[in-house]
Amino acid sequence: MNYDLPRGLINASFVEGIDEESVETYRTHYAALNPWLDYWAASPSGEVRISERDSPSSAFRKSEFYNDWLAPQGNMTAAVGLRLDVDAHNIIHVAWHYSESNAADYDEPAAAILDNVKGTFADAVRAAALLRDGVEHRLRFGAVIDRIDGAALLVERDRRIREVNAEAIAGLQAGDVFSGAGGMLHLRDAGAQRWLEENISRLIGGLPVTAASTVIRNEERILRVSLTAAPDHVERGFPALVHPRPVVLVVVRILAGGEARIDDTSLRFAFGLSTAEVRLCEVLANGYSLADAAEMLGISEGTVRQRVKVVFQKTGTHRQGELIAMLGRFRL
């Protein structure tokens, strides 16, 4: 079994000798009632344990878990087990179960066998973790976050930044609202930073948050920072022993104030843009949509789209977010 103990979930199960219905009821209900998990949560990784010696099932014989699930299996009231840690959300538990009546004969030989092969299990878990890293590298959210209106960053439990969109790159370069020192997301506002740390931890842990967004002021600008737990991107039916690490989507949007000014002379010189094209760039750099730009410039949206294509060609950019990130170099 692969347990995500902080979130109370089972990531994956590979079971022999138990019918599918019993496995499913364990996953969906009885795992949360399993007293052995409290013992395993406190046990060190890499050590073989014997249930009858270390945590006998007789200690919880009156529990719902014992009477409604464990005992009906007929041959699972004793076991030897091994815990192997990948990270906080991937705790591998290898167990070999048998009846209490056989414990006196089975405990020591079974523990010796498990101890002898634990190196092989550890190698398999390390290989699965490497596979997980490859899955995380292949299955990116870039196509999604590139379409988000605002600076978007995907971060892990410790606020380590995994992916960003173009506007986030510009924000990291500016460093006046948030930064990425040491590869970790930091908000300049101290109160907002405390909120960020607490709520990322809760979302990663599968816990509810009382406030999924906060508003901060930076000089003349008012910004909203919002958090959302990103979906699990493991393919359905893919038997991954080690699951990808959960991530949180952080989005920073300007609500009001702080109009960006562009160094139009340098921009014209660098890319040969016309006055109209520079004005369009300035509007887009302030976070306005193409429809907004059409209204503000007094031209049709079709003309705006054609003008943007010309700007893309001249500047060597391909998307609006990429253009905005590049324009950050020309802000006054």
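Bear in mind that the values here come from a model prediction, so they are computed numbers and not experimental data. Throughout, residue positions are numbered sequentially from 1 according to the sequence presented.
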Asker: Examine distances only and state if a side-chain atom of S99 and a backbone atom of N75 form a donor-acceptor pair shorter than 3.5 Å.
Answerer: no
Asker: Which value, rounded to the nearest 0.5 Å, describes the distance between Y66 atom OH and M76 atom CE?
Answerer: 12.0 Å
Asker: Which pairs of donor and acceptor atoms, one on a side chain in residues 199-208, lie under 3.5 Å apart (sequence neighbours left out)?
Answerer:
from	atom 1	to	atom 2	distance (Å)
N199	ND2	W195	O	2.9
R202	NE	P208	O	2.7
R202	NH2	P208	O	2.9

Asker: So how far is it from N67 CG to R61 CZ, rounded to the nearest 0.5 Å?
Answerer: 9.5 Å
Asker: For A291, is there any backbone N or O sitting under 3.5 Å from a side-chain donor or acceptor partner on E295?
Answerer: no
Asker: How far does CG of L187 sit from OG of S179, to the nearest 0.5 angstrom?
Answerer: 8.5 Å
Asker: Hey, any chance V310 and F330 share a hydrophobic cluster, counting ILVMFWY side chains that come within less than 4.5 Å of each other, even indirectly?
Answerer: no
Asker: Hydrophobic clusters here meaning ILVMFWY residues chained together by side-chain heavy-atom distances under 4.5 Å, can you tell me if L267 and V308 are in one?
Answerer: yes
Asker: What heavy-atom pair brings A31 and L37 nearest, and what distance separates the two atoms?
Answerer: O-CD1, 3.3 Å
Asker: Please lay out, stage by stage, how R162 and V155 fare under the test side chain to side chain contact (heavy atoms under 4.5 Å, CB included).
Answerer: CA-CA 6 Å; R162 183 185 296 180; V155 300; over 6 Å; no
Asker: Does T77 offer a backbone N or O that forms a donor-acceptor pair with the side chain of S57 under 3.5 Å?
Answerer: yes
Asker: When you measure from the side chain of D189 to the backbone of V177, do you find a donor-acceptor pair of N or O atoms at a distance under 3.5 Å?
Answerer: no
Asker: What I want to check is whether the side chains of T120 and D123 have a donor and an acceptor closer together than 3.5 Å.
Answerer: no
Asker: Can you name the nearest heavy-atom pair linking F65 to L33, along with the distance?
Answerer: CB-O, 3.5 Å
Asker: Do you know which two heavy atoms are closest between S274 and K314, and how far apart they sit?
Answerer: N-NZ, 4.3 Å
Asker: Looking only at non-hydrogen atoms, find the nearest pair between L114 and G81 and report the distance.
Answerer: CD2-C, 3.7 Å
Asker: Determine whether V23 and L9 fall in the same hydrophobic cluster, where Ile, Leu, Val, Met, Phe, Trp and Tyr are linked whenever their side-chain heavy atoms lie under 4.5 Å apart.
Answerer: no
Asker: With rounding to the nearest 0.5 Å, note down the distance linking CD in E156 to NE2 in H89.
Answerer: 10.0 Å
Asker: Have N102 and D105 got a donor and an acceptor in their side chains that come within less than 3.5 Å?
Answerer: no
Asker: Does a donor on one side chain sit under 3.5 Å from an acceptor on the other, for R27 and S13?
Answerer: yes
Asker: Kindly indicate, with the supporting measurements, whether the criterion side chain to side chain contact (heavy atoms under 4.5 Å, CB included) is fulfilled by N11 and Y3.
Answerer: CA-CA 6 Å; N11 294 324; Y3 291 97; over 6 Å; no
Asker: Look at E277 together with R307 and state whether they make a salt bridge at an N to O cut-off of under 4.0 Å.
Answerer: no
Asker: Using the rule that Ile, Leu, Val, Met, Phe, Trp and Tyr join whenever any side-chain heavy atoms are under 4.5 Å apart, tell me whether Y288 and I324 fall into a single cluster.
Answerer: no
Asker: Using 30° and 60° as the class boundaries, would you call the ring planes of W36 and H97 parallel, tilted or perpendicular?
Answerer: tilted
Asker: Using a 4.5 Å cut-off on heavy atoms from C-beta on, say whether the side chain of V278 contacts that of R268.
Answerer: yes
Asker: Verify whether one side chain among S300 and R305 offers a donor that lies under 3.5 Å from an acceptor in the other.
Answerer: no
Asker: At their closest point, which heavy atom of I18 faces which heavy atom of V15, and how far apart are they?
Answerer: CD1-CG1, 3.6 Å
Asker: For D85 and I92, what are the C-alpha separation, side-chain angles and deciding distance, and is it a side chain to side chain contact (heavy atoms under 4.5 Å, CB included)?
Answerer: CA-CA 6 Å; D85 293 2; I92 311 300; over 6 Å; no
Asker: Can you tell me how far apart CZ (F312) and NE2 (H318) are? Round to the nearest 0.5 Å.
Answerer: 9.5 Å
Asker: Just by modelled atom types, is the V48 backbone N or O under 3.5 Å from a matching donor or acceptor in the D115 side chain?
Answerer: no
Asker: Supply the atom-to-atom distance C281 SG to L323 CG, rounded to the nearest 0.5 angstrom.
Answerer: 5.0 Å
Asker: Looking only at side-chain N and O atoms, does E197 offer a donor or acceptor that is under 3.5 Å from a partner on H186?
Answerer: no
Asker: So does D263 get a backbone contact from the side chain of S266, meaning a donor-acceptor N/O pair under 3.5 Å?
Answerer: no
Asker: So H93 and W40, would you call those rings parallel, tilted or perpendicular, with 30° and 60° as cut-offs?
Answerer: tilted
Asker: For residues Y26 and N34, is any side-chain donor paired with an opposing acceptor at under 3.5 Å?
Answerer: yes
Asker: Does atom CD of Q313 have more than 12 heavy-atom neighbours, drawn from other residues, nucleotides or ligands, at distances under 6.0 Å?
Answerer: no
Asker: Would you indicate whether R194, at its atom CZ, is surrounded by more than 12 heavy atoms from other residues, nucleotides or ligands within a distance under 6.0 Å?
Answerer: no
Asker: Report the C-alpha distance between E108 and I50 in whole Å, list the side-chain angles of each, state the deciding distance to 0.1 Å, and finish with yes or no for side chain to side chain contact (heavy atoms under 4.5 Å, CB included).
Answerer: CA-CA 8 Å; E108 295 302 330; I50 300 172; 3.8 Å; yes
Asker: Which pair of heavy atoms, one from A192 and one from I216, lies closest together, and at what distance?
Answerer: CB-CG2, 3.5 Å
Asker: Please check if the number of heavy atoms outside Y39 that lie under 6.0 Å from its OH is greater than 12.
Answerer: yes
Asker: Report yes or no: does R83 contribute a side-chain atom to a donor-acceptor pair with the main-chain N or O of A41 at less than 3.5 Å?
Answerer: yes
Asker: Between T317 and R319 (side chain of the first, backbone of the second, donor and acceptor by atom type, cut-off under 3.5 Å), is there such a pair?
Answerer: no
